Amino acid sequence: MTTDIIEDITEAEQGSSLWHDAWLRLRKNRLALAGGMLLVAFTIIALLTPWIAPYAYDAQNLDLGASPPSAQHWLGTDIFGRDLLTQIMFGGRVSLAVGFVATSVALLIGVTWGAIAGYVGGKVDAVMMRLVDIMYALPFMIFIVLLMVVFGRNILLLFLAIGAVEWLTMARIMRSQVQQLRQQEFVEAAISLGLPPSTIIRRHLIPNALGPIIVYTTLTIPSVMLLEAFLSFLGLGIQPPQTSWGLLISYGAETMEEFPWLLIFPGLALTVTLFSLNFLGDGLRDALDVRRSKD
Amino acid sequence: MSLLEVKDLAVSFVTRMGTNKAVDGISFAVDTGKITAIIGESGSGKSVACYSMLGLVPMPPGRIDGGTALFEGQDLLQMSESQLREIRGRDIAMIFQDPMTCLNPFMTIGKQLVEPLFYHKKVSKEQAKKRALELLEEVGIRDPETTFDNYPHQFSGGMRQRVMIAMALINEPKLLIADEPTTALDVTIQAQILKLIAELQTKRDIGVIFISHDLAVVADIADQIVVMQQGKIVEGGDSDHIFHHAEHPYTRKLLAAIPADSKTPMEGEPETLIEVRNLCTWFDQGKNKEPVKAVNDVSFDIKRGEVLGLVGESGSGKSTIGRSILRLVPVTSGSVNFDGTDVTTLQGGDLKNFRRRMQMIFQDPFASLNPRMTVFDTLAEPLLLHGIETRKSVASGVLKLMDDVGLARNFVRKYPHEFSGGQRQRIAIGRALATRPEFIVADEPVSALDVTIQAQILDLMQHLGKEYGLTMLFVSHDLAVVRHLADRILVLYKGKIVEQGSGDDLFERPQQDYTRQLLSSIPGRALLE
């Protein structure tokens with residue numbers, strides 16, 4: 001019996017049990033799992049698009065014009081006769097990349113920044129948060145235009161620019177979470193054990209602040225995707241014939257009365273992605289909250 | 001006929017996990033002019049029994065399974081919500097445990113006081129105010145005219161509890177239910193509030209139900225005592241019977257858990273481990289404000305192997321002293337010599353090495369454990385950090401610690417929320433011992449626990465103290481507990497040491513007025529003599 005326990009521990013405990021247990025719990029949540037698998041599938045399709053897309057992304061057929069779904073064009077064509085399925089596949093590459101990269105940038109900077117400000121407190125906190133306030137006050141458009149002017153138009157820059165704006169709220173949420181947790185005695189206990197601040201933040205503070213962070217992340221990804229569409233619409237982001245889901249939706253919205261499929265299909269792609277994200281996010285939050293289930 | 005007669009009351013909670021019988025067929029009576037105490041540990045159903053009669057238990061998940069509760073001949077359990085609302089606050093009033101959260105922070109004391117009066121009776125504004133002022137004076141609030149327009153945050157805990165009592169009495173109830181009204185208060189304040197409740201009860205000749213987890217608290221005031229365990233009444237009777245002729249083993253266990261003896265002092269002259277000299281820890285309040293002098297010029301020694309007790313009210317600086325020695329709060333001035341090294345100036349790696357030698361056990365085992373770390377992670381962290389065990393051997397190190405503190409080995413993968421308070425405190429003790437420290441600060445380690453659990457944890461600490469050869473600073477507001485455990489005791493008042501000596505010296509020959517006042521506040525003191 002005793003040896004069993006020891007073996008059981010040494011096997012599973014290379015990292016922290018939290019993530020291991022969270023994975024076990026997440027595996028039981030079918031909705032979250034389905035969401036996760038759908039996202040993985042979308043990502044794989046996006047990566048393979050250049051090879052598996054039925055048409056070239058800029059192949060036009062002006063004679064065809066906007067045609068409803070058919071055997072040749074499963075999802076129909078747009079007003080220039082371009083295959084919509086191909087457009088959505090290529091658009092997905094941009095939208096998913098923007099969504100995940102920009103959000104990851106925001107998450108990384110925001111969580112670290114907020115955790116340090118909240119943990120250290122005092123003058124460091126004041127300076128760090130005033131910086132956040134200044135960034136908040138900067139008009140977003142001017143900030144982006146400035147970046148574009150200085151560095152030239154570049155899709156990578158777009159990711160960074162959006163990420164650099166979205167992290168501000170993340171930092172604020174994280175800071176207030178950490179400030180609350182910092183008062184708790186388990187943090188004092190960790191200090192008195194002699195743990196360095198970086199370990200305290202990583203092992204004791206961040207795992208306990210994950211709930212709101214995950215929820216906010218699942219909200220950030222879609223808003224980042226729409227932000228990209230807005231920037232592209234203004235001519236600052238992606239330019240035709242390249243495309244993204246946001247752009248497809250905004251063009252589709254203009255012609256929705258005559259050619260509804262141009263709005264419906266890109267909209268569906270975005271909606272399914274968002275649903276998957278929300279299910280996965282909720283599942284993750286529950287899985288990481290050890291108090292929720294007893295198994 | 002009794003004022004309140006409860007017969008076969010049964011309440012259960014229905015959850016997904018199954019049905020939990022919180023109150024399992026209890027019967028008792030409360031007479032006018034008597035104080036009936038209901039004693040039991042948390043989860044024994046003592047509060048649920050009283051709340052369910054007043055319709056204050058949310059249903060579902062709560063469910064009343066049967067029984068009657070006759071209040072002046074009428075069955076409370078059969079009443080509609082609107083009938084109950086009439087009775088609550090008018091005929092039956094309540095005082096709650098935590099006076100800090102029971103008052104609305106955005107309303108003046110006066111407004112909150114007269115609110116129930118307007119609701120239940122037709123009175124003019126002037127009448128209501130006059131009545132409120134009388135009551136404030138009666139419950140011992142100085143200068144009620146000014147107090148009337150003050151907000152709750154301007155009051156101390158004891159004062160707020162007085163306001164709560166005034167609020168409960170404003171409609172002249174016939175029955176007062178006090179749910180652990182002194183648990184959140186300091187020992188001297190507790191004595192005052194207990195006295196006040198007893199006085200008001202005699203003067204008004206009303207019935208009182210006093211719910212508490214602590215037999216000692218009710219020893220001086222209760223006429224009748226009902227002891228509950230796991231939803232059932234195990235023993236009931238008048239106060240004298242319970243204290244002197246208790247029959248049920250559980251009641252005896254509760255009585256035995258009241259610490260009474262004092263420890264025999266240490267023999268010989270061991271070396272000094274810790275020398276605290278002119279220690280000051282002040283907290284800045286911002287510019288142009290006098291800093292809070294939590295610890296003000298305190299000097300004392302702790303000998304190796306000694307248990308030094310530190311007693312005082314909240315705000316006396318006793319916790320801050322412990323935290324200053326451990327470098328958990330920045331020290332303003334003075335020195336703390338630990339085995340010849342001044343720890344107040346240590347930095348970096350040196351500090352980390354000293355942290356290994358000094359550990360802390362915290363008051364609240366619900367807050368002192370990271371909720372997202374299993375027992376294994378919690379105990380393995382210090383072992384790995386200080387290189388006491390390697391990754392390979394850490395599992396057996398953790399299990400050894402669990403054996404030492406009396407935790408079953410198969411709990412190793414569980415999270416803190418799956419444990420009771422006593423078990424959590426055992427985990428916390430295990431974590432503190434993991435680094436093989438020489439010195440431990442125990443900051444009220446048992447005050448958040450039930451009495452019988454308290455006794456177990458204190459035993460464990462005594463036992464481990466010997467086994468690990470620990471020196472201990474034991475901080476507590478509970479003099480009886482400190483006397484039981486400590487070799488020497490320091491009495492702290494407003495950041496300064498007012499008296500020190502062995503337990504017997506202090507208890508039998510107190511020199512200072514403040515010490516005498518503390519001693520006379522110990523609940524159930526009559527029992528000890």
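Letters A, B, ... are given to chains in the order of the sequence lines, protein chains preceding strands, and every chain is numbered from 1. Small disclaimer: the values here were computed from a predicted structure and weren't measured.
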Please set out all donor-acceptor pairs under 3.5 angstrom arising from side-chain atoms of residues 186-200 of chain A, sequence neighbours excluded.
from	atom 1	to	atom 2	distance (Å)
A/Glu188	OE1	B/Arg323	NE	3.2
A/Glu188	OE1	B/Arg323	NH2	2.8
A/Glu188	OE2	B/Arg323	NE	2.6
A/Ser192	OG	A/Ala189	O	3.0

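Against chain B, no residue from residues 125-133 of chain A qualifies, as none has a non-hydrogen atom under 4.5 angstrom away. Residues from residues 381-390 of chain B that place a non-hydrogen atom less than 4.5 Å from a non-hydrogen atom of chain A comprise B/Glu381, B/Pro382, B/Leu385, B/His386, given in numerical order.
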Requested in this report: Determine, stepwise, if the pair A/Gln184 / B/Asn370 fulfils side chain to side chain contact (heavy atoms under 4.5 Å, CB included).
Outcome: CA-CA 9 Å; A/Gln184 305 242 2; B/Asn370 185 338; over 6 Å; no

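One finds the CD atom of A/Glu185 at 10.0 Å from the CG atom of B/Leu369 (value rounded to the nearest 0.5 Å).
For the set B/Thr378, B/Leu351, B/Leu328, B/Leu326, the entry with the most heavy-atom pairs within less than 4.5 Å of chain A is B/Leu328. Contact tally against chain A (heavy-atom pairs below 4.5 Å) for B/Ala428, B/Ala367, B/Pro437: the top residue is B/Ala367.
Contacts between A/Leu288 and chain B at a heavy-atom distance below 4.5 Å involve backbone atoms as well as side-chain atoms. In this structure, the portion of B/Tyr415 lying under 4.5 Å from any heavy atom of chain A is its side chain and not its backbone.
Within the structure, ring-ring contact (aromatic ring centres under 6.0 Å, His included) contacts touching residues 188-213 of chain A (residues at least two apart or in different chains) do not occur.
Atom CZ of A/Phe275 has 12 or fewer neighbouring heavy atoms from other residues, nucleotides or ligands inside a 6.0 Å radius. Crowding of A/Arg182 atom CZ: a count of heavy atoms from other residues, nucleotides or ligands under 6.0 Å exceeding 12.
At least one side-chain heavy atom of B/Asp377 sits less than 4.5 Å from a side-chain heavy atom of A/Arg203.
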